[in-house]
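Not measured: the values here are computed from a predicted model. Numbers for residues simply follow the sequence, beginning at 1. Hydrogens, waters and symmetry mates play no part in the numbers below; they use all other heavy atoms, side chains included.
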Amino acid sequence: MSESNRRSHFERRKSLLPIAALAGLLLGGVAQNVLAFSFDDVAEKARSLSEQGYSEPEHNLPEELRNLDFGQYEQIQFKRDRDVWSGDDVPFTLSFFHEGMHYDSAIDLHSVDEQGNVRDFAFNSNDYTYGDLDLSDDVKNSDDLGIAGFKINYDLNDSERNDETMVFLGASYFRVVGENQVYGVSGRGLAVDTGLTSGEEFPRFREFWVVKPTKSSQYLTVFALLDSASVTGAYRFVLRPGSDTVVDVKSRLFLRRPIEKLGVAPLTSMYLFGAAQPSSSTNYRPAIHDSNGLLVSDSQNGWIWRPLSNPSKLMINEQATPRLRGFGLMQRGHQFADYQDIDNRYDLRPSAWVEPQNEWGAGKIELIQIPTPNETNDNIVSMWLPETSPDPETPVDFDYRFTVTKNESRYFDASLAWVEQTRRSQGEVMKDNLVRESDGTTAFVVDFQGPSLAGLNADANVAVQASVGDNGELVSTRAVPNPATGGWRLFVKINRNDDNAPLDIRAHLSQNNKRLTETWYYRLPANG
């Protein structure tokens with residue numbers, strides 16, 4: 001990963017996901033001999049913890065560290081020659097994050113060897129460089145300092161040193177990349193009451209156990225203990241790096257109280273503008289986003305593609321999923337020409353796909369879209385919500401596979417064409433003198449591509465199935481072959497009744513009542 005790409009990860013995320021920065025700690029402590037260590041051990045800790053009263057984590061940062069801005073915090077760098085296990089000839093190493101700025105609470109972090117021996121990680125200021133920061137020795141060596149988070153390094157890109165592959169930092173957030181990818185969309189262990197007026201609760205991973213790899217290990221196992229005022233949980237992450245990095249997540253939750261909104265496998269991303277919602281100001285970059293759509297697959301509704309937007313006011317809506325097959329915040333489009341950004345390389349940001357591995361039951365996918373004036377804020381959240389809130393008396397298990405990829409075709413239905421791009425424009429009519437004039441409508445141009453459309457010419461009886469919500473009217477639709485791509489292009493024109501309210505628009509292509517494409521579902525933001 002180049003320095004510019006690596007830096008782009010740390011130059012972002014000041015709201016939902018705080019910015020990450022380089023920092024580190026040293027392995028220390030005395031081994032604690034145990035017979036074994038497994039997910040069940042963490043689950044027992046979570047169960048026991050749920051029966052106790054909740055205690056807020058300590059926040060004891062010295063003011064010199066608490067008052068750092070991002071640029072200052074970024075100067076605190078972990079010394080890569082001190083990566084844990086770097087001298088053991090194993091494929092994975094660990095490095096760690098310093099406390100500072102809003103990362104003001106420490107985690108407990110341990111390693112576990114093959115015999116089940118648990119060894120603690122301890123803070124040592126000698127593991128860091130502090131750049132130009134004029135921090136006193138008393139601050140650097142404060143007894144109140146601890147581990148803020150950690151990252152897992154692996155030789156993804158044949159570099160001279162292992163590349164950062166997975167990061168745990170802040171609440172229950174984690175990020176993952178694969179080969180030739182840079183950080184974009186994030187995962188979270190759990191979301192509680194997100195989007196409610198009562199306020200969101202942020203469960204945090206308070207303790208981790210990382211299983212030391214062997215020389216031949218192709219994966220790394222991390223156990224985590226989750227805690228908040230409402231819930232505790234045991235987690236196991238099995239990281240398998242590669243061109244598409246896969247993380248198998250196993251979780252067991254113990255509720256301390258009924259939870260109104262329990263968000264399972266939440267994803268967080270950023271959408272500022274793009275072809276579906278062009279920038280309101282002049283910008284040489286045609287798009288700025290980590291993800292440009294939400295893809296959902298369930299047993300009843302099939303495959304639905306929802307282009308994202310940056311609304312002028314908060315938008316929250318849900319899609320029922322009788323039996324979820326998978327969902328993800330996706331970055332469809334990885335051509336540099338789509339973004340033209342040599343610093344942040346949005347073309348290298350992967351999609352994230354969540355696929356249940358046990359029975360979740362009926363529920364719904366929620367999409368939250370938050371206004372943002374710039375790309376420093378994560379403003380997109382999606383998660384699965386159970387139809388019925390779990391009973392606090394009964395633990396619940398949610399297991400899933402989390403995959404990051406730039407090869408989105410692996411999540412296309414082979415029998416359907418998919419949305420290649422969505423473009424928004426003013427509606428036009430062409431006069432007899434060939435001059436195009438606005439007709440007062442809002443137009444969308446949607447390109448579909450896939451094997452179901454291959455070889456279909458203009459006489460193929462392809463029909464448009466489209467509808468709009470109560471706040472508008474469908475003016476016209478048409479679909480024509482796209483000779484440049486080999487797919488089909490859909491034109492949709494709409495009028496909205498009230499610009500102060502959103503409007504839902506759905507469309508797909510069919511032939512002789514047989515569906516040819518996934519469903520394109522766009523929510524036109526209010527005043528947008």
> Between Asp227 and Arg256, is there a side-chain N and carboxylate O pair less than 4.0 Å apart?
yes

> Under 4.0 Å between a Lys/Arg side-chain N and an Asp/Glu carboxylate O for Arg523 and Asp504?
yes

> Are the ring centres of Phe97 and Phe168 closer than 6.0 Å?
no

> Ion pair present between Lys151 and Glu164, side-chain N to carboxylate O less than 4.0 angstrom?
yes

> Walk me through whether Tyr103 and His98 qualify under ring-ring contact (aromatic ring centres under 6.0 Å, His included).
CA-CA 8 Å; Tyr103 301 118; His98 200 288; over 10 Å; no

> Might you confirm whether atom CD of Gln218 has over 12 heavy atoms from other residues, nucleotides or ligands at distances under 6.0 Å?
no

> Could you tell me whether a side-chain N or O of Lys79 sits under 3.5 Å from a main-chain N or O of Asn126, the two making a donor and an acceptor?
yes

> Hey, are Lys406 and Asp244 close enough for a salt bridge, meaning a charged N less than 4.0 Å from a carboxylate O?
no

> Would you confirm whether the ring centroid of Trp360 sits within less than 6.0 angstrom of the ring centroid of Phe398?
yes

> May I ask you to decide whether Asp298 forms a salt bridge with Arg325, counting only side-chain N to carboxylate O separations under 4.0 Å?
no

> Apply salt bridge (charged side-chain N to carboxylate O under 4.0 Å, His left out) to Lys261 and Asp193, showing your working.
CA-CA 5 Å; Lys261 283 181 66 175; Asp193 293 343; over 6 Å; no

> Any sub-3.5 Å donor-acceptor pair from His102's side-chain atoms to Gly100's backbone N or O?
no

> Is the ring centre of Phe205 less than 6.0 Å from the ring centre of Tyr235?
yes

> Is there a donor-acceptor contact under 3.5 Å linking the side chains of His334 and Asp347?
no

> Is it the case that Ser230 and Arg257 place a side-chain donor and acceptor less than 3.5 Å from each other?
yes

> For residues Gln277 and Leu272, determine if any side-chain heavy atom of one lies less than 4.5 Å from a side-chain heavy atom of the other.
no

> Have Thr519 and Trp305 got a donor and an acceptor in their side chains that come within less than 3.5 Å?
no

> Answer yes if the ring centres of Phe174 and Phe402 are under 6.0 angstrom apart, and no otherwise.
yes

> Let me know which of Arg349, Gln181, His289 forms a side chain to side chain donor-acceptor pair (under 3.5 Å) with Gln331.
His289

> Please list, chain by chain and in numerical order, all residues satisfying salt bridge (charged side-chain N to carboxylate O under 4.0 Å, His left out) with Arg285, sequence neighbours excluded.
Asp341, Glu375

> For the side chain to side chain contact (heavy atoms under 4.5 Å, CB included) test, which of Asp378, Ile380, Asn377 pairs with Met270?
Asp378

> Are the side chains of Phe150 and Ile107 in contact, using a 4.5 Å heavy-atom criterion?
yes

> I want to know whether Phe37 and Trp209 have ring centres closer than 6.0 Å.
yes

